Amino acid sequence: MARYEVNPEAVEYARKLIDGRQYVLDSDWGEVQPRADDQNAFLDKHSWDEYAAWHLGLTDGAGDETKARYAFVMGDFRRIHRTGLIACVYRASEWRHKVVELAAHDLLQELDAKSGLTA
């Protein structure tokens with residue numbers, strides 16, 4: 001099974017998006033998550049660093065500037081999605097990638113607080 005570390009640049013970027021209110025609170029992640037064609041189109045116009053900023057996980061042992069290096073996408077390359085963060089929490093917890101799970105959970109809590117979803 002692959003092992004992941006947290007991508008600190010992605011966590012920082014997610015916080016900037018949240019602070020800038022660049023998020024979607026209600027979406028069908030299965031419909032809006034970036035597909036391979038979306039990823040390729042993004043990479044045609046953006047750097048690998050910009051691509052990496054959308055992924056909370058870095059795959060141990062995978063080469064830089066390869067799609068295999070980046071995991072746990074959290075947005076649609078325009079805005080962060082609450083359902084994307086939930087998917088990251090779920091997938092990371094399912095496969096016991098605790099550091100990614102906790103990073104996604106913390107960002108989800110920040111998003112909920114910023115958007116007024118917390119009681």
Side-chain angles (χ1 to χ4, degrees):
M1 178 182 345
R3 294 177 47 95
Y4 302 94
E5 59 188 82
V6 172
N7 180 357
E9 287 80 15
V11 172
E12 180 180 327
Y13 186 60
R15 287 187 172 129
K16 286 181 186 177
L17 291 170
I18 292 167
D19 288 344
R21 298 195 184 278
Q22 296 298 307
Y23 49 75
V24 177
L25 296 176
D26 187 21
S27 61
D28 180 343
W29 186 240
E31 294 294 320
V32 300
Q33 67 181 318
R35 306 279 187 243
D37 289 345
D38 302 320
Q39 295 171 20
N40 293 337
F42 185 83
L43 282 167
D44 283 343
K45 297 180 180 178
H46 299 88
S47 70
W48 280 99
D49 286 341
E50 290 170 295
Y51 179 79
W54 287 99
H55 297 82
L56 286 178
L58 298 173
T59 310
D60 289 346
D64 288 339
E65 298 190 0
T66 65
K67 285 187 189 177
R69 175 71 169 143
Y70 309 103
F72 299 98
V73 66
M74 60 185 172
D76 61 9
F77 298 130
R78 287 185 31 229
R79 295 167 297 182
I80 193 169
H81 283 249
R82 185 173 188 274
T83 54
L85 288 173
I86 291 168
C88 289
V89 170
Y90 177 80
R91 283 187 29 231
S93 63
E94 179 181 26
W95 295 102
R96 297 187 177 110
H97 302 301
K98 190 54 101 176
V99 294
V100 175
E101 174 192 350
L102 293 175
H105 176 269
D106 290 348
L107 288 168
L108 181 60
Q109 301 312 305
E110 290 178 35
L111 175 59
D112 285 352
K114 183 73 167 188
S115 65
L117 290 177
T118 57

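Note that the coordinates shown come from a computational prediction; the quantities given were computed from them, not determined experimentally. Each residue takes its place number in the sequence, starting with 1.
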Once rounded to the nearest 0.5 Å, what's the spacing between atom [atom1] of [X] and atom [atom2] of [Y]?
X: Glu110; Y: Ile18; atom1: CD; atom2: CD1; value: 5.5 Å
X: Lys67; Y: Thr59; atom1: NZ; atom2: OG1; value: 13.5 Å
X: Ser27; Y: Gln33; atom1: OG; atom2: CD; value: 10.0 Å
X: His97; Y: Glu101; atom1: NE2; atom2: CD; value: 10.5 Å
X: Ser115; Y: Asp26; atom1: OG; atom2: CG; value: 11.5 Å
X: Asp112; Y: Arg82; atom1: CG; atom2: CZ; value: 4.0 Å

Find out if a path of hydrophobic residues (ILVMFWY) with successive side-chain heavy-atom gaps under 4.5 Å connects [X] to [Y].
X: Trp29; Y: Leu25; answer: yes
X: Trp95; Y: Ile86; answer: no
X: Val73; Y: Trp48; answer: yes
X: Met74; Y: Val99; answer: yes
X: Leu117; Y: Leu108; answer: yes

Taking all heavy atoms of [X] and all of [Y], pick out the closest pair and write down the distance.
X: Ala104; Y: Cys88; value: CB-CB, 3.7 Å
X: Tyr4; Y: Ala71; value: CE2-CB, 3.4 Å
X: Ala52; Y: Ala10; value: O-CB, 4.0 Å

So [Y] and [X], do their side chains get closer than 4.5 Å, heavy atoms only?
X: Tyr70; Y: Trp54; answer: no
X: Asp49; Y: Glu9; answer: no
X: Asp60; Y: Glu5; answer: yes
X: Leu56; Y: Val6; answer: no
X: Leu58; Y: Arg69; answer: yes
X: Thr83; Y: Asp28; answer: no

- request: Over 60° means perpendicular and under 30° means parallel, so classify the ring planes of Tyr51 and His55, tilted if in between.
  value: tilted

message: Ring-plane angle category for Phe42 and Phe77, please: parallel below 30°, perpendicular beyond 60°, tilted otherwise.
response: parallel

message: Quiz question: by atom type and distance under 3.5 Å, do the side chains of Arg15 and Tyr13 form a donor-acceptor pair?
response: no

- request: Return yes if some donor-acceptor pair links the side-chain N/O of Asp76 with the main-chain N/O of His81 below 3.5 Å, else return no.
  value: no

Exam field: side chain Asp38 to backbone Arg35, donor-acceptor pair closer than 3.5 Å: yes

message: Salt bridge or not between Glu94 and Arg91? Use side-chain N to carboxylate O under 4.0 Å.
response: no

